[in-house]
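Presented below is the structure to which this report refers.
Starting from 1, each residue takes its place in the sequence as its number. On a predicted model such as this, the values are computed, not experimentally measured, just so you know. Keep in mind that the numbers below use all heavy atoms, side chains included, and drop hydrogens, waters and symmetry copies.
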Amino acid sequence: MSAGSAILAAARSPVAALLRLHRGAPAAAPLRVPGLRAGTGFRCMAMAAAADSRAPAPADPLPKGADSFFRTVVSNMEKVYLNRNPTAKTILELVRSYDGDHICYDHLAFRTFGVNGYGINSLAEFFIDFGYLPREELRFPAKKLRAIWFSPPTNDGYTGTGVYGPLPRIFISELLVDELTAQSQEIIHKYIRTCGKGNKHAALASISGELTWGKPIYSDFQVLSRESEYAAWTLVNGYALNHATIATHRLESDIRSINKFNKFVEDNGFKLNSEGGILKVSPDGLLQQSSTVADSSLFTFADGIIESIPRSYIEFAERLPLPQFKDLRDEEVKEQHRRDGFEVGNADKIFESTSKDQLTRRSA
């Protein structure tokens, strides 16, 4: 079976459909990732594992050298993120001082332009090369976005926390550029044309914090902001890490409850994204999320204008046990017993963490 066929088989399997239902989501159509190249080595083995009809199990663990290299790359993505976003850095420090060194990331998220090879696939190939598997597509019609989340390879042998703890899920979204107005499309295409083959090096761009296209002019940023704040954010931030997410249920003190965690964050002077309420809850009640409002920083545009732009934010997620595991004692509950995946309604509101409305509220 080819690697591509393996992915499709995994998405069609009855067990995969059942797991989607357990998450409270309807059974989705087969997951297709057009243009994602096939590979060899442990990546092919990972895809073959996903195609096993008995269960959409995680891929085999990465070889030691690959695991070390991968975590180093992700650590450098995190460094750029923390250097630009003092809120995230401070909250991580506060949590460590209160709870100890128990922070684990639930997922990392990235934004992309879905045009000319600069969309989801441009970053996904890096993660798939290191054992990640595409699991489910989410659509956000009002925002003209689509996203795919990826599950990590088996990584029970970790010895640290943060990026050196259990490998996080990866959430990559893309703007459906061809659904924008002609003016916005032309602006995005204008910058993409300056990239050469920058989309082939999305991970490198993320760890360096550099744009793969030319620095934009302020008027182009303004035009995109009026139609799609996601587009404007991506124009000036590129492949930079959009947010990291603390898995609150993996903490060990009282703030492992997300409601207590939210109060802890607010008591320390930080504003949380209020879109749809502070706490975003999935229909099944098992996925509960919140996030800060994004940081801002001054940016020098290509025409010399210096203005404030939105940067990134930090998210918090609590995944509760699935109904069939509700009788397990707390110490018996593992990650595989908890609600997996993502929820469109939650994610749609989390996207607003970089919106003008939330940023204005933060500065009030």
Side-chain angles (χ1 to χ4, degrees), residues 11 15-29 31 55-56 58 104-111 133-143 145-152 166 168-173 230 242-251 255-266 272-293 313-328 330 333-355 358:
V15 176
L18 182 61
L19 287 177
R20 284 191 289 267
L21 288 170
H22 281 166
R23 291 197 303 268
L31 176 62
C104 298
Y105 287 139
D106 179 87
H107 65 274
L108 306 178
F110 302 86
R111 296 181 177 185
L133 298 170
R135 289 302 190 191
E136 191 172 23
E137 180 187 80
L138 297 89
R139 290 270 178 174
F140 307 87
K143 287 183 169 64
L145 305 175
R146 69 186 282 263
I148 294 176
W149 75 270
F150 300 77
S151 62
R169 300 165 185 83
I170 299 297
F171 184 96
I172 309 176
S173 57
Y230 180 109
N242 176 257
H243 67 269
T245 301
I246 295 174
T248 66
H249 55 272
R250 288 183 180 265
L251 299 175
I255 59 172
R256 69 194 315 269
S257 158
I258 195 166
N259 284 309
K260 292 183 178 179
F261 191 98
N262 289 340
K263 185 176 185 304
F264 173 80
V265 171
E266 290 181 315
L272 296 177
N273 171 355
S274 62
E275 183 70 19
I278 295 297
L279 189 65
K280 289 65 163 141
V281 182
S282 60
D284 61 10
L286 301 180
L287 176 59
Q288 303 186 6
Q289 297 165 273
S290 60
S291 61
T292 64
V293 177
Y313 55 96
I314 187 165
E315 184 187 325
F316 322 112
E318 182 177 6
R319 296 179 182 273
L320 299 174
L322 294 165
Q324 61 269 38
F325 303 118
K326 62 182 176 59
D327 294 329
L328 291 177
D330 286 350
V333 178
K334 307 300 181 187
E335 192 71 7
Q336 64 266 27
H337 299 135
R338 297 181 182 274
R339 208 263 202 196
D340 203 0
F342 292 83
E343 188 65 41
V344 167
N346 287 20
D348 186 73
K349 298 175 180 68
I350 295 290
F351 275 125
E352 293 297 313
S353 295
T354 57
S355 72
Q358 292 297 320

Report task. On the 0 to 90° scale, with breaks at 30° and 60°, tag the Phe316-Phe261 ring pair as parallel, tilted or perpendicular. Result -> tilted
Query raised in the report: Quick one: CZ on Arg111 to OH on Tyr230, what's the gap to the nearest 0.5 Å?
Result: 6.5 Å
Query raised in the report: Backbone N or O of Leu287 within a donor-acceptor pair of the Asn346 side chain at under 3.5 Å?
Result: yes
Query raised in the report: Hey, what do you get for CD1 (Ile170) to CZ (Phe150), rounding to the nearest 0.5 Å?
Result: 9.0 Å
**Report entry** OG on Ser257 to CG on Leu251, rounded to 0.5 Å
**Finding:** 10.5 Å
Query - Nearest-0.5 Å distance, CG of residue Asn242 to CD1 of residue Ile172 - result: 12.0 Å
Query raised in the report: Ser290 and side-chain hydrogen bond (donor to acceptor under 3.5 Å, both in side chains): which partner among Thr248, Asn262, Asn273?
Result: Asn262
Requested in this report: State whether Glu352 and Lys143 are salt-bridged, where the test is any N-O pair (Lys NZ or Arg NE/NH1/NH2 against Asp/Glu carboxylate O) under 4.0 Å.
Outcome: yes
Report summary line: Hits for side-chain contact (heavy atoms from CB on, under 4.5 Å) against Ser151, two or more places apart or cross-chain, chain-then-number order -> Leu133, Arg135, Trp149
**Report entry** side-chain contact (heavy atoms from CB on, under 4.5 Å) partners for Val281, two or more places apart
**Finding:** Leu279, Gln288
Query raised in the report: Would Glu335 and His249 satisfy side-chain contact (heavy atoms from CB on, under 4.5 Å), going step by step from the backbone distance to the final call?
Result: CA-CA 9 Å; Glu335 192 71 7; His249 55 272; 3.0 Å; yes
Requested in this report: Test side-chain contact (heavy atoms from CB on, under 4.5 Å) on His107 and Thr245 and set out the steps.
Outcome: CA-CA 5 Å; His107 65 274; Thr245 301; 3.1 Å; yes
Query raised in the report: Without hydrogens or angle criteria, can the side chains of Ser282 and Asp284 be said to hold a donor-acceptor pair below 3.5 Å?
Result: yes
**Report entry** Pairing residues for Asp106 by the side chain to side chain donor-acceptor pair (under 3.5 Å) criterion, not counting sequence neighbours
**Finding:** Arg169, Arg319
Query raised in the report: Which residues pass the ring pair (Phe, Tyr, Trp, His ring centres under 6.0 Å) test with Tyr105, sequence neighbours left out?
Result: none
Report task. Answer yes or no: is there a donor N or O on one side and an acceptor on the other, between the side chain of Thr292 and the main chain of Ile314, under 3.5 Å? Result -> yes
Report summary line: In this structure, NZ of Lys334 is separated from CZ of Phe325 (nearest 0.5 Å) by 13.0 Å
**Report entry** Ser173 side-chain N/O to Phe110 backbone N/O, donor-acceptor pair under 3.5 Å
**Finding:** yes
**Report entry** Contact summary for Ile350 and Glu315, nearest pair of heavy atoms
**Finding:** CG2-OE1, 3.6 Å
Query - Audit row: Ile278, Glu266, side-chain contact (heavy atoms from CB on, under 4.5 Å) steps and yes/no - result: CA-CA 11 Å; Ile278 295 297; Glu266 290 181 315; 4.1 Å; yes
**Report entry** Atom of Leu320, atom of Gly285 and distance for their closest heavy-atom approach
**Finding:** CD1-O, 3.4 Å
Query raised in the report: To the nearest 0.5 Å, how far apart are CD in Gln358 and OG in Ser291?
Result: 8.0 Å
Query raised in the report: Which heavy-atom pair separates Val344 from Arg139 by the least distance, and what is that distance?
Result: CG1-O, 3.6 Å
Query raised in the report: By side-chain contact (heavy atoms from CB on, under 4.5 Å), which residues pair with Lys349, not counting sequence neighbours?
Result: Glu275, Lys280
Query raised in the report: Sequence neighbours excluded, which residues qualify as salt bridge (Lys or Arg N to Asp or Glu O under 4.0 Å) partners of Lys263?
Result: Asp267
